[in-house]
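In the text below, chain A, chain B and the rest are named by the order of the sequence lines, each starting its count at 1. This is a predicted model, so every value here is computed, not measured.
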Number of protein chains: 2
Amino acid sequence: MDLDRFDRQLLNLVQQDCGQTADRLAEHVALSPSAIQRRLRRLRESGVIERESAIVDPRAVGRPTLFIVSLQVERERPDLMAQLRKWLAAQEHVQQAFYVTGEADFVLVVTAPDAETYDALMGRLVSENPNVARFTTNVAMSVVKRGLTIPVPLEE
Amino acid sequence: MDLDRFDRQLLNLVQQDCGQTADRLAEHVALSPSAIQRRLRRLRESGVIERESAIVDPRAVGRPTLFIVSLQVERERPDLMAQLRKWLAAQEHVQQAFYVTGEADFVLVVTAPDAETYDALMGRLVSENPNVARFTTNVAMSVVKRGLTIPVPLEE
DNA sequence: CCTGAAATCTGGTGGTC
DNA sequence: GACCACCAGATTTCAGG
């Protein structure tokens, strides 16, 4: 699917706020509201817009602590690697998981209400995934920025 | 602001999909649609729901590469620390930035269309922020999971 | 005071040019 | 891509618990 200038503008706007009406979006995109709606629908159906999600304040729901985890694994067994990926994806406390180059093999972003919950999770991680060699934890003392926004250039 | 069982259910649902109608949400929450709408509005106005955002597929917009960066700084100068935070928050390519304990001082998640763009950004990081001592980069080869969802327990 | 129900009104959907 | 008619959902108001 290729995106023209209008689609790109829409993507930038909708990443900031996907609750806006088409009329409101039309103030920025020089397109009629119905054209905007049709484009948004196409973007959703084609999977360019993966999901529309509410971002909640962690402090408000009593889940304040974020942990950044670097994970080293034994890479010999492809089946265990697949299992680990599945395991990570299934854990609700694991917000994000990346398979990376470098010293670490995976980098995780984990939320937990407290250190005990986090410890329990990591205990299960190592006991249920035999190819996990070791991990190091960084506790987030403050969140400087938080989002999944991807800047979309208007011209390719 | 304190949240009852219904609010907590709503937050979990709306983190998965904030485009749902109140009727649809009512199928899961045992509340009338109008009660749901009022609660959602309150959650937004009180800041429990910070933002509602579309999540776009990085591949679809030609910005496929994610970098995980560990940053070490000289911590002597509080003013420079504040400046660095501001700088990070202002960079559109910096999706996330955490101030952490441990070996690293900051962990960043950065998007870029290619390595050159990334290099240029990091060049500006060090030249415009004199207290940046060093950084190490991990390139994300694959994204196992990606989200900002916080599991909200129904009972406090 | 908060929840559920009815009426109004705004925004989204599909056809057509 | 814009215009128009139709319908679904959101907002407001009111009654009941």
Side-chain angles (χ1 to χ4, degrees), chain A residues 1-57 59-63 148-156, chain B residues 1-57 60-62 147-150 152-156:
Chain A
M1 172 160 192
D2 58 59
L3 309 169
D4 65 11
R5 197 166 199 287
F6 295 123
D7 292 314
R8 293 167 181 278
Q9 284 185 310
L10 283 174
L11 287 173
N12 282 321
L13 291 168
V14 121
Q15 282 187 94
Q16 295 311 315
D17 179 5
C18 64
Q20 297 174 82
T21 68
D23 285 45
R24 192 123 174 46
L25 290 167
E27 294 169 15
H28 302 274
V29 197
L31 229 54
S32 80
S34 47
I36 288 176
Q37 294 177 110
R38 247 176 300 126
R39 280 164 181 271
L40 285 178
R41 169 203 286 259
R42 273 223 327 275
L43 291 170
R44 278 189 274 260
E45 286 173 353
S46 65
V48 175
I49 294 178
E50 288 179 8
R51 201 155 58 91
E52 288 162 283
S53 167
I55 299 174
V56 319
D57 180 357
R59 289 165 307 183
V61 296
R63 179 115 352 174
L148 297 173
T149 306
I150 298 167
V152 181
L154 298 184
E155 317 291 342
E156 184 61 10
Chain B
M1 171 160 195
D2 59 60
L3 310 169
D4 65 12
R5 197 166 198 288
F6 295 124
D7 292 315
R8 292 168 180 277
Q9 285 185 310
L10 282 173
L11 287 173
N12 283 322
L13 290 168
V14 121
Q15 282 188 95
Q16 296 311 315
D17 180 5
C18 64
Q20 297 173 82
T21 67
D23 285 44
R24 191 122 175 47
L25 290 167
E27 294 168 15
H28 303 272
V29 197
L31 229 53
S32 77
S34 49
I36 289 176
Q37 290 174 354
R38 248 174 299 126
R39 279 162 182 270
L40 285 178
R41 172 202 285 258
R42 270 219 301 278
L43 290 169
R44 280 188 272 262
E45 286 173 352
S46 65
V48 175
I49 295 178
E50 286 180 8
R51 200 154 58 93
E52 286 160 287
S53 166
I55 299 175
V56 320
D57 180 359
V61 297
L148 297 175
T149 305
I150 296 167
V152 181
L154 297 184
E155 316 292 341
E156 185 63 8

**Report entry** salt bridge (Lys or Arg N to Asp or Glu O under 4.0 Å) pairs, two or more places apart, involving residues 9-26 of chain A
**Finding:** A:Arg24-A:Glu27

Report summary line: In this structure, CZ of B:Phe6 is separated from CG of B:Leu11 (nearest 0.5 Å) by 13.5 Å

Query raised in the report: With sequence neighbours excluded, what pairs up with A:Asp2 under the salt bridge (Lys or Arg N to Asp or Glu O under 4.0 Å) test?
Result: none

Query raised in the report: Would you say the side-chain atoms of B:Asn12 pair up with the backbone N or O of B:Gln9, donor to acceptor, closer than 3.5 Å?
Result: no

Query raised in the report: Is there side-chain contact between A:Val152 and A:Leu3, with at least one heavy-atom pair below 4.5 Å?
Result: no

**Report entry** Shortest non-hydrogen contact between B:Arg8 and B:Leu154, atoms and distance
**Finding:** CD-O, 3.2 Å

**Report entry** Strand-adjacent residues in residues 31-54 of chain B, judged by heavy atoms under 4.0 Å from DNA chain D
**Finding:** B:Gln37, B:Arg41

**Report entry** Straight-line distance of A:Asp57 CG to B:Leu43 CG, nearest 0.5 Å
**Finding:** 11.5 Å

Query raised in the report: Can you name the nearest heavy-atom pair linking B:Leu13 to B:Gln20, along with the distance?
Result: O-NE2, 3.6 Å

Query raised in the report: CG/A:Leu10 to CG/A:Leu40 distance, rounded to the nearest 0.5 angstrom?
Result: 5.0 Å

Would you give me the side-chain donor-acceptor pairs under 3.5 Å for residues 48-56 of chain A, sequence neighbours excluded?
from	atom 1	to	atom 2	distance (Å)
A:Glu50	OE1	B:Arg146	NH1	3.4
A:Arg51	NH1	B:Gln15	O	3.2
A:Glu52	OE1	A:Arg44	NH1	3.1
A:Glu52	OE2	A:Arg44	NH1	3.0
A:Ser53	OG	B:Gln15	O	2.8

Query raised in the report: chain B on DNA chain C: first and last contacting nucleotide, 5' to 3', under 4.0 Å to a heavy atom?
Result: C:dT3 to C:dA5

Requested in this report: Would you sketch DNA chain D in dot-bracket for me? Only Watson-Crick or G-U wobble pairs with both distances under 3.5 Å count, crossing pairs as [ ], other-strand pairs as |, the rest as dots.
Outcome: ||.||||||||||||||

